[in-house]
Undergrad: 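Take this structure, written in structure tokens, and hold onto it; I'll ask about it next.
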Amino acid sequence: MTHPIIKDLNTRYTAKKYDATKRISADDIQVIKEALRLSASSINSQPWKFIVLESDDAKQRFHDTFANKHQFNQPHAKEASHTILLAYDPKFTKEKYAKRVDAEVTSGHLPEDRYNMMLDGAYGFAEANTDENGFNGNWTKAQVYIALGNLLHTLARLGIDSTPMEGVDPELIGSIFEKELAGHVCEVALAIGYHQDGEDYNHGLPKARMHMDDVIEVL
């Protein structure tokens, strides 16, 4: 199949070694940031925060979060052009959601006279996933993965390599980036940049996916 979308998905892979001398352009970073901002989420909740690490200081701080575990991912902290921390809000309240509904009215997406119906009705999806302590992190974390999927395809279209990393330390990230996270929790990060020719053993290998008939059924 020669469709551009399929070409993107066939060329995308998880990079294992980055060329530290190659940097993503400022223009491409703007596209990446806008793609993240435009990501879909249930009830347009956007219960997330994305922290883009590009300075040497920020990279060193992220490098330090591997002190206790997952050291196999530590080289990416300094060698990748950028790393994005994808964090979720573990206690996404109705008051926070109201800011999203405000934006829907301001943008013209939602008629003002439907404000309360949207706020009270749609937030029910969040309430259904909120426990007695106000925790709904399992639901908000799922929204972050929608953004991650959107970002992976965006990067493939831009010809930028990436490495999704669940092998990170949420506790140390939470401590070292406490101010920036502002109560959000980071359990997945994405290194982005350009692979190191000849040293990235995963580059150029054929795709290994289940047969379509094994994973998709059309009724």
Side-chain angles (χ1 to χ4, degrees), residues 3-14 24 27-53 82-112 114-130 135-166 168 170 180-192 209 215-218:
H3 194 284
I5 291 175
I6 303 305
K7 181 179 179 181
D8 290 344
L9 297 177
N10 269 316
T11 55
R12 196 218 71 77
Y13 77 106
T14 297
I24 299 171
D27 286 346
D28 281 348
I29 288 296
Q30 285 302 114
V31 172
I32 290 165
K33 289 160 60 178
E34 184 68 355
L36 276 171
R37 189 182 74 88
L38 293 173
S39 295
S41 58
S42 177
I43 66 169
N44 197 24
S45 53
Q46 305 167 71
W48 48 42
K49 186 169 187 181
F50 307 116
I51 301 173
V52 181
L53 310 179
H82 294 67
T83 295
I84 301 174
L85 307 183
L86 299 98
Y88 64 90
D89 187 341
K91 292 188 175 182
F92 185 70
T93 64
K94 191 173 185 179
E95 290 71 27
K96 293 173 182 176
Y97 181 54
K99 294 181 179 180
R100 281 66 172 172
V101 182
D102 290 342
E104 293 214 7
V105 172
T106 300
S107 71
H109 179 81
L110 179 72
E112 190 170 359
R114 295 182 59 191
Y115 182 93
N116 289 331
M117 182 175 66
M118 182 70 178
L119 179 62
D120 297 331
Y123 189 73
F125 285 95
E127 289 179 320
N129 291 280
T130 304
F135 175 81
N136 46 30
N138 293 328
W139 178 75
T140 56
K141 181 181 177 180
Q143 312 312 311
V144 164
Y145 279 84
I146 297 174
L148 175 60
N150 179 43
L151 181 56
L152 289 176
H153 192 184
T154 299
L155 292 165
R157 174 53 58 96
L158 292 171
I160 296 171
D161 298 319
S162 61
T163 307
M165 298 180 289
E166 286 188 316
V168 295
E180 292 86 357
L181 286 168
H184 292 69
V185 178
C186 175
E187 296 182 2
V188 61
L190 184 70
I192 58 177
R209 297 292 190 270
V215 296
I216 298 175
E217 183 171 355
V218 180

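When reading the values below, keep in mind they use all heavy atoms of this one structure, side chains included, and skip hydrogens, waters and symmetry mates. Numbers here simply count residues along the sequence, with the first being 1.
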Undergrad: Tell me, please, which residues at least two apart from N150 pass side-chain hydrogen bond (donor to acceptor under 3.5 Å, both in side chains).
TA: S39
Undergrad: Can you list the residues that meet the salt bridge (charged side-chain N to carboxylate O under 4.0 Å, His left out) rule with K96, with sequence neighbours excluded?
TA: D89
Undergrad: Give, for atom CG of N136 and atom OH of Y88, the distance between the pair rounded to the nearest 0.5 Å.
TA: 10.5 Å
Undergrad: Verify side-chain contact (heavy atoms from CB on, under 4.5 Å) between V101 and L110, making sure each step is shown before the conclusion.
TA: CA-CA 8 Å; V101 182; L110 179 72; 3.7 Å; yes
Undergrad: Nearest 0.5 angstrom please: C186 SG to L181 CG, how far?
TA: 6.5 Å
Undergrad: Could you measure the distance from the CG atom of L158 to the CD1 atom of I29? Nearest 0.5 Å is fine.
TA: 9.5 Å
Undergrad: May I have all residue pairs that pass salt bridge (charged side-chain N to carboxylate O under 4.0 Å, His left out) and include part of residues 140-158, sequence neighbours excluded?
TA: D8-R157, K141-E187
Undergrad: Is the shortest side-chain heavy-atom distance between I32 and I84 below 4.5 Å?
TA: yes
Undergrad: Using 0.5 Å steps for rounding, measure from the CG atom of L190 to the CG atom of L151.
TA: 5.5 Å
Undergrad: Tell me, yes or no, whether the heavy-atom count around H153 atom NE2, taken from other residues, nucleotides or ligands under 6.0 Å, exceeds 12.
TA: yes
Undergrad: CG/L155 to CD1/I24 distance, rounded to the nearest 0.5 angstrom?
TA: 7.0 Å
Undergrad: Under the rule for salt bridge (charged side-chain N to carboxylate O under 4.0 Å, His left out), what residues qualify as partners of R209, not counting sequence neighbours?
TA: none
Undergrad: For E112 and V105, indicate whether the former's side chain and the latter's backbone hold a donor-acceptor pair under 3.5 Å.
TA: no
Undergrad: The criterion is salt bridge (charged side-chain N to carboxylate O under 4.0 Å, His left out); which residues satisfy it with K94, sequence neighbours excluded?
TA: D120
Undergrad: Just jot down the side-chain contact (heavy atoms from CB on, under 4.5 Å) partners of N44, sequence neighbours excluded, or say none.
TA: S41, Q46, E104
Undergrad: Taking only residues two or more places apart in sequence or in another chain, which ones pass side-chain contact (heavy atoms from CB on, under 4.5 Å) with A189?
TA: F62, T83, L85, M165, V168
Undergrad: Looking at residues at least two apart in the chain, or sitting in another chain, which of them share a side-chain contact (heavy atoms from CB on, under 4.5 Å) with A98?
TA: Y115, L119
Undergrad: Got a sec, which residues hit salt bridge (charged side-chain N to carboxylate O under 4.0 Å, His left out) with E166, two or more places apart in sequence or on another chain?
TA: none
Undergrad: Do R100 and S45 touch side chain to side chain, with heavy atoms closer than 4.5 Å?
TA: no
Undergrad: Supply the atom-to-atom distance F92 CZ to I43 CD1, rounded to the nearest 0.5 angstrom.
TA: 6.0 Å
Undergrad: Sequence neighbours left out, what passes side-chain hydrogen bond (donor to acceptor under 3.5 Å, both in side chains) with Y97? Give chain and number order.
TA: none
Undergrad: Check V144 against A87 and note the closest heavy-atom contact, atom names and distance.
TA: CG2-O, 3.7 Å
Undergrad: Under the side-chain hydrogen bond (donor to acceptor under 3.5 Å, both in side chains) rule, collect the residues that match up with T154, sequence neighbours excluded.
TA: none
Undergrad: So do the side chains of L36 and W48 get within less than 4.5 Å of each other, counting heavy atoms only?
TA: no
Undergrad: Scan residues 35-52 for pairs that pass salt bridge (charged side-chain N to carboxylate O under 4.0 Å, His left out), counting only residues two or more places apart or in two chains.
TA: E34-R37
Undergrad: Closest approach of L152 and P164, non-hydrogen atoms and distance?
TA: CD2-CG, 4.0 Å
